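Remarks on the structure that follows.
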Protein chains: 2
Amino acid sequence: MNEPETTLEFAVDSLLEVLPSVWDRIRSNFRAAGTSKFGITLEQFHTLRHIYKGCCYTGDIAEKRQVSCSAVSQAVDVLVTKGLVTRAQESGDRRQFRLELTPYARRVLDENYMENRALIKQKIARLSREQRAIVVQSMEILKAVFISA
Amino acid sequence: MNEPETTLEFAVDSLLEVLPSVWDRIRSNFRAAGTSKFGITLEQFHTLRHIYKGCCYTGDIAEKRQVSCSAVSQAVDVLVTKGLVTRAQESGDRRQFRLELTPYARRVLDENYMENRALIKQKIARLSREQRAIVVQSMEILKAVFISA
DNA sequence: CAAAATATTTAAGGTACTTAACTATTGCGC
DNA sequence: GCGCAATAGTTAAGTACCTTAAATATTTTG
């Protein structure tokens with residue numbers, strides 16, 4: 001194997017080619033699996049995850065997801081209707097509502113997370129330890145570049 | 001820095017944590033940038049890319065994108081309305097229509113691609129050559145695992 | 001040639017996003 | 001303290017995108 005191509009342009013093209021397709025597969029896996037069992041979508045799953053991880057206000061989630069407050073507000077409406085999230089007015093600032101997961105949501109989240117993990121695990125099980133290390137390192141790099149700062 | 005964690009579980013969690021967020025950022029970048037200039041969405045951009053790369057039938061694209069034929073058919077409707085795609089009945093099998101990009105679509109695709117590239121390039125410009133190499137290798141691994149096979 | 005299979009579209013329904021306009025609350029300047 | 005801008009969020013209208021089920025058209029098969 002030759003020296004791998006590492007120009008900036010090549011890296012960009014690589015990301016632009018692979019990430020959309022990988023995302024399509026993950027979404028498809030998620031749909032095919034336990035999702036329908038609980039009737040939530042991948043987007044709803046991620047919204048629940050953000051709340052679980054401490055994004056308790058509409059604005060926080062909008063910032064993380066990079067969408068409008070409006071979009072989050074409507075997404076939360078659906079989750080409230082489904083009995084997964086509650087809006088509680090108990091903070092000092094009465095303009096904002098603290099979002100909380102219901103006990104049911106915790107179960108849904110756990111089960112979907114496990115199911116999701118199992119699917120991805122199966123996909124990447126064939127990788128060598130070295131290959132896994134590369135993927136993990138890459139995720140850390142992408143996280144630092146795209147999400148932080 | 002210690003030996004990086006490379007268990008299968010860790011790799012799975014790493015993917016599940018980072019990919020959704022990176023995807024959110026890419027979509028957001030795409031929207032913020034030249035997209036609105038041409039009035040296409042990220043999904044439409046990828047549909048055009050698939051046609052450009054030789055997926056000329058509804059079924060092909062559905063397979064690549066992992067969605068229903070129905071979804072593709074409707075997405076193509078929009079693209080036809082926008083003057084970006086034509087449906088031509090010229091193959092041997094008259095049930096399928098060959099999808100083709102209009103000259104205008106090629107320009108839209110080129111310009112959006114460049115704009116998109118510029119944004120991602122800016123994000124990852126700070127990476128070292130070694131870090132870029134890791135990202136590129138990782139994309140090749142993910143491509144092999146998720147898309148082929 | 002009838003029946004099954006294939007490729008696609010249409011229809012109905014829900015989710016997900018946008019911008020713009022609106023409500024409610026907070027906090028600042030005077 | 002009062003007025004007003006800023007902030008947090010929702011509502012409204014409109015588009016896109018996806019699903020399943022049913023319909024249409026064509027090809028293949030027995």
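In this text the structure is predicted, and so the values were computed from the model without any measurement.
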Open item on the list: Please report the distance, rounded to the nearest Å, between CD in A/Gln96 and C1' in C/dT25.
Closed with: 10 Å
Task: Contact list for residues 38-51 of chain A, test salt bridge (charged side-chain N to carboxylate O under 4.0 Å, His left out), sequence neighbours left out - done: A/Glu43-A/Arg65, A/Glu43-B/Arg27
Task: Length of the line joining A/His46:NE2 and C/dC17:P, which is rounded to integer Å - done: 11 Å
Open item on the list: Can you confirm whether more than 12 heavy atoms, excluding those of A/Lys143, are under 6.0 Å from its NZ atom?
Closed with: no
Any protein N or O atoms within reach of nucleotides 21-26 of chain D? Criterion: under 3.5 Å, listing atom names and distances.
residue, atom, partner, partner atom, Å
D/dT26, O2, B/Arg95, NH1, 3.3

Task: Residue pairs involving residues 39-58 of chain B (criterion ring-ring contact (aromatic ring centres under 6.0 Å, His included); sequence neighbours excluded) - done: B/Phe30-B/Phe45
- [ ] Quick one: which residue pairs count as a side chain to side chain donor-acceptor pair (under 3.5 Å) with a foot in residues 69-78 of chain B, not counting sequence neighbours?
- [x] B/Asp77-B/Arg87
Open item on the list: Taking the side chain as everything from C-beta on, heavy atoms only, tell me whether A/Thr58 gets closer than 4.5 Å to A/Gln96.
Closed with: no
Please produce a list of atom pairs where a protein N or O lies less than 3.5 Å from an N or O of nucleotides 15-18 of chain D.
residue, atom, partner, partner atom, Å
D/dC17, OP1, B/Thr41, OG1, 2.4
D/dC17, OP2, B/Gln44, NE2, 3.2
D/dC18, OP1, A/Arg27, NH1, 3.2
D/dC18, N4, B/Gln74, OE1, 3.1

Task: Contacts of type side chain to side chain contact (heavy atoms under 4.5 Å, CB included), residue B/Gln122, not counting sequence neighbours - done: B/Leu119
Task: A/Arg98 CZ - D/dA8 P separation (whole Å) - done: 15 Å
Task: A/Glu63 CD - D/dA8 C1' separation (whole Å) - done: 15 Å
Task: Spacing of B/Trp23 atom CH2 relative to C/dC17 atom P, expressed in whole Å - done: 13 Å
Open item on the list: I want to check something: taking the side chain as every heavy atom from C-beta on, are A/Leu15 and B/Val22 in contact at a cut-off of under 4.5 Å?
Closed with: no
Open item on the list: Looking at B/Gly39, is its backbone amide N or carbonyl O close enough to the side chain of B/Lys82 to form a donor-acceptor pair, meaning the two atoms are under 3.5 Å apart?
Closed with: yes
Open item on the list: Strictly distance-based, threshold 3.5 Å: is any side-chain N or O of B/Gln89 a donor or acceptor partner for the main-chain N or O of B/Arg94?
Closed with: yes
Task: Short side-chain N/O contact from A/Arg87 to OP1 or OP2 of D/dT10, under 4.0 Å - done: yes
Task: Distance in angstrom units between A/Asp77 CG and C/dG14 C1', rounded - done: 14 Å
TODO: Write down the distance between CD1 (A/Ile40) and C1' (D/dT19), rounded to a whole number of angstrom.
DONE: 16 Å
TODO: Let me know the distance between CZ of A/Phe97 and P of D/dA8, rounded to the nearest Å.
DONE: 13 Å
